[in-house]
Chemist: 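Sharing a structure here in structure tokens format.
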Amino acid sequence: MSLAVAGSGGAGRRIGACGLALAGLAAALLAGVVIGETALPPLTVLQVLANKVLGAGYALYPVDEGIIWNYRLTRAIVAAACGAGLAVSGVVLQALLRNALADPYVLGISAGASTGAVAVTIAGLGAGLLSLSFGAFIGAVLAFGIVALLARAAGGGAGAAGAAQIVLAGIAGAQLFNALTALIIAKSANSDQARGIMFWLMGSLGGVRWPDVWLAVPVAVAGVLIVALHTRALDAFAFGSEAAASLGVPVRRVQAALIGSSALITAVMVSMVGAIGFVGLVIPHAARFLVGPRHGRLIPASAFMGAVFLILADILSRVVIPGQVLPIGVVTALVGAPAFAAILVRGGRRL
Amino acid sequence: MIDAHELSFSVRNRRLLSGVTLGLKPGETLGLVGPNGSGKSTLLRLLAGLTRPEAGAVRLDGAPLASLPRRTVAQRVAFVAQAAETAERLTGRQVVELGRTPWLDALAPWSEADESIVDGALATVEMLDLAERQWGTLSGGERQRLHIARALAQRPDILLLDEPTNHLDIRHQLAILRLVAELPVTSVIALHDLNQARICDRIAVLHQGRLVALGPAEEVLTPDRLRAVFGVAARELTDPADGSRLLHFHAIA
């Protein structure tokens, strides 16, 4: 991977690495559009893009055009945005909480999103006025709020003990919200609803359309930019929040801004595509293995790798079982867990 | 300069510091001694602005520390904690580079000047040769020297060190103490070895959270006071080679 060598050289190499990363991302997006149950030739894909973006007048089958533009392209773009957002959230939480196991799911955010989703779709909360996504978003924000308050009440200050408290609070919150989800399903759902909601809980990009793109992309880009502005502050947390404070980092402000951003990114992504596990945990570690622990390189590398990883996972989820789409969470875990194990063994990183 | 005025601090109703007033003189090296739990670390953390005092105030050139931005404080005051650890796979040089954090931002990226300050700090603690080694592979003493280099790379006016010689072998203990004493900055250094503390210009003795003595070593470290504060008997000996005095301790029977 090109990013591994960037930064040790000058600005030229960095620009070269960025260029390669963008080319890789474009290639992954193209693959995401080309590969599927009906393979569509790359040329057709490029012609559709030319038609839609540049107004070229290639004559194409409307069905092909529809599949490419409304179905596969939106799916690939949202996958990229989710992957980048979740991976960067993972980096931030691992750095600020100084916990190699931290990722957006540890804070109970996805559990809250799930509860919100079932509360709306199955228990009928909001009397049909709320969408599943909005319910999930509210649930995610609510869960994170409760976890943060609990951590604070448990004495989660700025020190190392505080970092442990928020992880413990997150575990407690996740258990509570998962139990609530199970309760709602058991109480109110018929078997079809239960099956549908279980599928969503495992992560699904099936229902993604253009409006989702216009939400996912700005959130991911803004989130990554906010985090990228704080790379030196994140580095300064290497020896803990007190050491960061003695290096001039306004610890509370940075923690609030960055953990808040991560929570928001996760809430938005989970509300759209369900609980996709492992991206926020595995990608940061893989990126660290490749480009080292410094956030100036780790953040862009994680964003890029998360984006490509989730596009590829989505492709796999569509082609592994012919005629059936696997939940993407299953693919990320099936691929991610062994990859993670390999990194752990080879990297010898102390957890 | 830093002044502490009537500082008090407690944790869970346990008083760690009460009514400590202390003014630093520009350029001096102040030794902070006292038994375990006497409040040395607490006082250093309050002076660094890492904890807010319960009562009283720390002032930096007359301005309350709490009112200054962290960044401004970090450009003036560097703090070396006891045994700060990381699981990140940073190299020694990268750890020292963290010391430049208060001077860098989006508009002031890494420069040649920063590079040479880091080189200088590494050379000062004799860690240039090991600079590319990973943190996890270094010994406790080497890590401690990197922390001190990191603090030096902050280019502070005031250097606060919490038992910096803890993990060091005797040669590096003497080297670090000599270095701190000779640096043109004001330093406060918490120490356990009372003979080594004699290198300091002044010594502050803490006992049960109170400042019980402040002054030159020969005035402050008297047998009576050592018995009262540390609970040991001490005799002063003179090295026949150079006439320097040192303390010999006995347990009180």
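Basis for what follows: all heavy atoms, side chains included, without hydrogens, waters or symmetry-related copies. By convention in this document, chain letters (A, B, ...) are assigned in the order of the sequence lines, proteins followed by strands, and residues within each chain are numbered from 1.
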Chemist: The criterion is side-chain hydrogen bond (donor to acceptor under 3.5 Å, both in side chains); which residues satisfy it with Ser8(B), sequence neighbours excluded?
Modeler: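 Partners of Ser8(B) under the side-chain hydrogen bond (donor to acceptor under 3.5 Å, both in side chains) test: none.
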Chemist: Partners of Asp201(B) by side-chain hydrogen bond (donor to acceptor under 3.5 Å, both in side chains), sequence neighbours excluded?
Modeler: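 Asp201(B): no side-chain hydrogen bond (donor to acceptor under 3.5 Å, both in side chains) contacts found.
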Chemist: Any idea which heavy atoms bring Arg98(A) and Thr86(B) closest together, and the distance?
Modeler: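 Looking at all heavy atoms of both residues, the shortest contact is NH2-CA, 3.8 Å.
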Chemist: For Arg52(B), is the CZ atom crowded, meaning more than 12 foreign heavy atoms sit under 6.0 Å from it?
Modeler: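 Counting other residues, nucleotides and ligands, CZ of Arg52(B) stays at 12 neighbours or fewer.
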Chemist: Kindly check if the number of other-residue, nucleotide or ligand heavy atoms within 6.0 Å of CD (Glu132(B)) is above 12?
Modeler: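 Yes - once you tally the heavy atoms of other residues, nucleotides and ligands closer than 6.0 Å, there are more than 12.
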Chemist: Locate the shortest heavy-atom distance separating Gly99(B) from Leu247(A); write the atom from each residue and the value.
Modeler: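 Where Gly99(B) meets Leu247(A) most closely, the heavy atoms are CA-CD2, 4.0 Å.
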Chemist: Please classify the contact between Ala243(A) and chain B as side chain, backbone, both or neither, with a heavy-atom cut-off of under 4.5 Å.
Modeler: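 Contact with chain B involves no heavy atom of Ala243(A) at all.
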Chemist: With the side chain counted from C-beta on, respond yes when Glu88(B) and Phe239(A) share a heavy-atom pair under 4.5 Å apart, and no when they do not.
Modeler: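 A side-chain contact under 4.5 Å is absent here.
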Chemist: Between Leu98(B) and Asp235(A), is there a side-chain heavy-atom distance shorter than 4.5 Å?
Modeler: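 The answer is yes; the side chains approach within 4.5 Å.
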Chemist: Can you find a pair of side-chain heavy atoms, one from Glu97(B) and one from Arg294(A), that are under 4.5 Å apart?
Modeler: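 Of all side-chain heavy-atom pairs linking Arg294(A) with Glu97(B), at least one is under 4.5 Å.
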Chemist: Are there residues of residues 37-51 of chain B that reach to under 4.5 Å of chain A by heavy atoms, and which ones?
Modeler: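 At a heavy-atom separation under 4.5 Å, chain A is reached by Arg45(B), Leu50(B).
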Chemist: Once you round to the nearest 0.5 Å, how far does CZ of Arg232(A) lie from CH2 of Trp110(B)?
Modeler: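 Going from CZ on Arg232(A) over to CH2 on Trp110(B), the span is 7.5 Å.
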Chemist: Take atom CZ of Arg155(B) as the centre, draw a 6.0 Å sphere, and report whether it contains more than 12 heavy atoms from other residues, nucleotides or ligands.
Modeler: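 Open: at most 12 neighbouring heavy atoms sit under 6.0 Å from CZ of Arg155(B).
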Chemist: Do any of residues 61-79 of chain B come closer than 4.5 Å to chain A, heavy atom to heavy atom, and if so which ones, in number order?
Modeler: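 Residues of residues 61-79 of chain B touching chain A at under 4.5 Å: Arg70(B), Arg71(B), Ala74(B), Val77(B), Phe79(B).
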Chemist: Verify, without hydrogens or angle tests, whether Glu242(A) (side chain) and Ala84(B) (backbone) share a donor-acceptor contact under 3.5 angstrom.
Modeler: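 No: the side chain of Glu242(A) does not pair with the backbone of Ala84(B).
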